[in-house]
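Taking it in order: structure first as structure tokens, then the write-up.
We name chains A, B, ... by the order of the sequence lines, and we start the count at 1 in each one. Every heavy atom of this structure was used, including side-chain atoms; hydrogens, water molecules and symmetry mates were not.
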Number of protein chains: 2
Amino acid sequence: MHDARPERPADRRTRRREQTLEEVLDRAVELMATDGVAGLTMTRLAGAMGIRPPSLYKYFPSALAVQDALFARGQRENLEAWRAAVADAAPGLASLRAGMRATGRWAVAHPVLAQLLFWRPVPGFTPSEAAFAPAVLLQELVRTALADAVAQGEVVASAATGDGMALLAVLHFGVISQHLANEPQLDWEHGHFTRQHDVVLELFTRAHAVR
Amino acid sequence: MHDARPERPADRRTRRREQTLEEVLDRAVELMATDGVAGLTMTRLAGAMGIRPPSLYKYFPSALAVQDALFARGQRENLEAWRAAVADAAPGLASLRAGMRATGRWAVAHPVLAQLLFWRPVPGFTPSEAAFAPAVLLQELVRTALADAVAQGEVVASAATGDGMALLAVLHFGVISQHLANEPQLDWEHGHFTRQHDVVLELFTRAHAVR
DNA sequence: GTCTATAGGACGATAGAC
DNA sequence: GTCTATCGTCCTATAGAC
């Protein structure tokens, strides 16, 4: 905290640069919120940063690189939302409910990132493997939660199969996409579709209930 | 069939023009299938028609007018899919199942139109009231089918409320959007998510089952 | 890292000849 | 209805001075 030695200049520069990178992404999200997810351009993004377009290329080598960084940030945040919510939950169904509710909330609170992650509305953009990695990890966490629920006798084994995962995705993203398409201005508490999130989770457990 | 009088020239011209209008929309759908839903431009569309851009403006006054016509065509076809399927079905739940399955099939068979109708991926485009009209009508048909199901004692009254409609939309479009986002190349019979369509309809009736 | 200047294109749309 | 020609705007991206 009171280390007398000043930070090495190279470190300062690196840190400053990373701050700028993050700020670019902040501005990008703001722009997408007003002009649409596909309305992001390097020219406008530079303008929002208060710099000229060539300067922006010092931070991101291309427009697609910005999209990829946004995609990566969204995946990280979404995964983090799950982890934070699950930290204090019991394994199995309780954990699954907490995690899914948390990522649902995250998605409606960050509509432009959610659209980028789940709808892929930008033509010609395919996320890099690195940007996609958190999604793979999250998928595994869901699978584990389902397996725990089966092991604890909360649901039957069919819940933890590919069909079970597909049904869960249908229910979860059904809520989110209906919300984003029809009433994105409402928050999680006041949405007509988000209200159905608890309902569909209940339907899922009932579909795989132990007799 | 063998009317001797030739068609009036004005009628011929009108008919020819309408054929061309439809052909433009056909080409537009093809272009969107390859270049993405937002990748449709007047320049490329003219090229696909084998004409120059100014000629295209004789048929559609603007790029947004093309989008609107596509939106209108999609809504008409989707509504028609429901009507055709429901024609031979008994009122109530049987009718609801037949109609929803038919519009689901239509959506995955026409992915670009479905994206245009249900995801609204084109920035700055808001459909005209006329183009939207079939969607309003279809909404009413769904409501009626639900009301019939209630009247026949197939489900309890809560199924025909706003929440019931919202739940139904979540389930239906959840299947469709997961299919379009993850495995659009598969057809209705082979998709992992489309397989869940019958499942979710069953979940809906169970959620509102008469005790 | 910032800028000016610019290349090189695609786009929507219009004017006006045929 | 078709075309050529064109306007004005926006875009991605680079060269090169400071």
Side-chain angles (χ1 to χ4, degrees), chain A residues 7-28 30-32 34-71 121-126 128, chain B residues 7-28 30-32 34-71 121-126 128:
Chain A
E7 203 176 8
R8 281 177 47 224
D11 292 350
R12 264 202 57 161
R13 239 175 296 145
T14 303
R15 201 162 43 84
R16 182 81 175 78
R17 182 182 170 81
E18 271 159 16
Q19 281 175 9
T20 308
L21 287 174
E22 290 304 312
E23 194 189 333
V24 171
L25 298 186
D26 291 341
R27 295 291 97 70
E30 290 171 14
L31 272 184
M32 286 167 126
T34 60
D35 302 339
V37 174
L40 183 70
T41 69
M42 294 299 262
T43 304
R44 280 216 268 258
L45 184 50
M49 286 289 293
I51 60 177
R52 303 291 155 184
S55 307
L56 187 51
Y57 282 84
K58 296 288 177 181
Y59 298 99
F60 290 95
S62 73
L64 285 184
V66 177
Q67 297 284 355
D68 199 57
L70 280 174
F71 188 92
V122 182
F125 167 62
T126 332
S128 64
Chain B
E7 203 176 9
R8 280 177 46 224
D11 292 349
R12 264 202 58 159
R13 238 176 296 144
T14 303
R15 201 161 45 82
R16 183 81 174 78
R17 182 182 170 80
E18 271 159 14
Q19 281 175 8
T20 306
L21 288 173
E22 291 304 312
E23 194 190 332
V24 171
L25 298 185
D26 291 340
R27 295 290 96 72
E30 290 170 14
L31 272 183
M32 287 167 125
T34 60
D35 302 338
V37 174
L40 182 70
T41 70
M42 294 299 263
T43 305
R44 281 216 268 258
L45 184 49
M49 287 288 294
I51 60 177
R52 304 289 155 188
S55 308
L56 187 51
Y57 282 85
K58 296 289 177 179
Y59 298 99
F60 291 94
S62 73
L64 285 184
V66 177
Q67 296 284 356
D68 200 57
L70 280 174
F71 188 93
V122 181
F125 166 61
T126 332
S128 65

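OP1 or OP2 of C:dC3 has at least one side-chain nitrogen or oxygen of A:Ser55 nearer than 4.0 Å.
Residue contacts shown for A:Tyr59 are limited to sugar-phosphate atoms, with no base heavy atom under 4.0 Å away. Residue A:Arg16 is out of contact with every strand shown, counting any heavy-atom pair closer than 4.0 Å.
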(message) Protein within reach of the bases, or only the backbone? For nucleotides 5-18 of chain C, mark each nucleotide 5' to 3' as B, S or -, using heavy atoms under 4.0 Å.
(response) B-----SSBBB---
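The heavy-atom pair separating B:Tyr59 from B:Leu21 by the smallest distance is O-CD2, 3.6 Å.
In this structure, B:Leu56 atom CG and D:dC3 atom P are separated by 11 Å, rounded to whole Å. Taking atom CD1 of A:Ile51 as the reference point, atom P of C:dG1 lies 11 Å away to the nearest angstrom.
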(request) Please assess A:Glu23 against A:Arg27 for the test side chain to side chain contact (heavy atoms under 4.5 Å, CB included), listing each intermediate value before the final yes or no. (result) CA-CA 6 Å; A:Glu23 194 189 333; A:Arg27 295 291 97 70; 3.2 Å; yes
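The pair A:Glu18-A:Arg15 does not count as a salt bridge, with every side-chain nitrogen at least 4.0 angstrom from each carboxylate oxygen.
The listed nucleotides are C:dG1, C:dC3, D:dC3; the one nearest the side chain of B:Arg52 is D:dC3.
Rounding to the nearest 0.5 Å places CG of A:Leu45 at 11.0 Å from CG of A:Asp35. Here the straight-line distance linking atom CG of A:Leu70 with atom CG of A:Asp26 works out to 9.5 Å at 0.5 Å rounding.
Open room surrounds CZ on B:Arg12; 12 or fewer heavy atoms of other groups in view lie less than 6.0 Å from it.
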